[in-house]
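Here's the structure we're looking at; comments come further down.
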Amino acid sequence: TLEVMRDVFPAHVLEAISTGQPVEPDRREAVTIFYSDVVGFTNICAALQPEQVSDMLHRLYTSFDRLSREFRVFKVETI
């Protein structure tokens with residue numbers, strides 16, 4: 001869906017894709033890569049109902065998304 005595409009691609013890339021234009025690569029002088037992990041995720045999942053795990057992940061990643069927008073950070077991928 002378009003909403004998923006907006007989460008995956010920066011606006012200028014999405015615009016180029018939707019109009020059939022080639023996408024030129026961007027160059028950045030400095031980047032930061034952030035990796036995170038939910039410590040104890042397997043044990044948490046074992047102790048909670050599936051709906052509770054889904055709710056927990058939804059709240060967590062919604063917070064990441066909000067912070068990404070607030071600080072104008074392009075989030076490449078959330079798994």
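In this text the structure is predicted, and so the values were computed from the model without any measurement. In this chain, residues are counted from 1 in sequence order. Atoms considered below: every heavy atom in the structure, side chains included; atoms not considered: hydrogens, waters and symmetry mates.
- By the salt bridge (charged side-chain N to carboxylate O under 4.0 Å, His left out) test, Arg28 pairs with Asp26, sequence neighbours left out.
- With values rounded to the nearest 0.5 angstrom, Ser63 atom OG is found 11.0 Å from Glu70 atom CD.
- Heavy-atom minimum distance, Ala16 versus Pro22: CB-O, 4.0 Å.
- Leu48 CG to Met56 CE: the interatomic distance, rounded to the nearest 0.5 Å, is 6.5 Å.
- Applying the side chain to side chain donor-acceptor pair (under 3.5 Å) test to pairs two or more places apart or on separate chains, none has a residue in residues 32-49.
- Counting heavy-atom neighbours within 6.0 Å of Glu15 CD, excluding the residue itself, gives a total of 12 or less.
- The nearest pair of heavy atoms linking Phe41 to Leu57 is CE1-CD2, 3.9 Å.
- A salt bridge links Asp55 with Arg59: at least one charged nitrogen is closer than 4.0 Å to a carboxylate oxygen.
- In the hydrophobic clustering of ILVMFWY residues, with side-chain heavy atoms under 4.5 Å counting as a link, Phe64 and Val39 come out apart.
- Side-chain atoms of Val73 and Leu67, non-hydrogen and from C-beta on, never get closer than 4.5 Å to each other.
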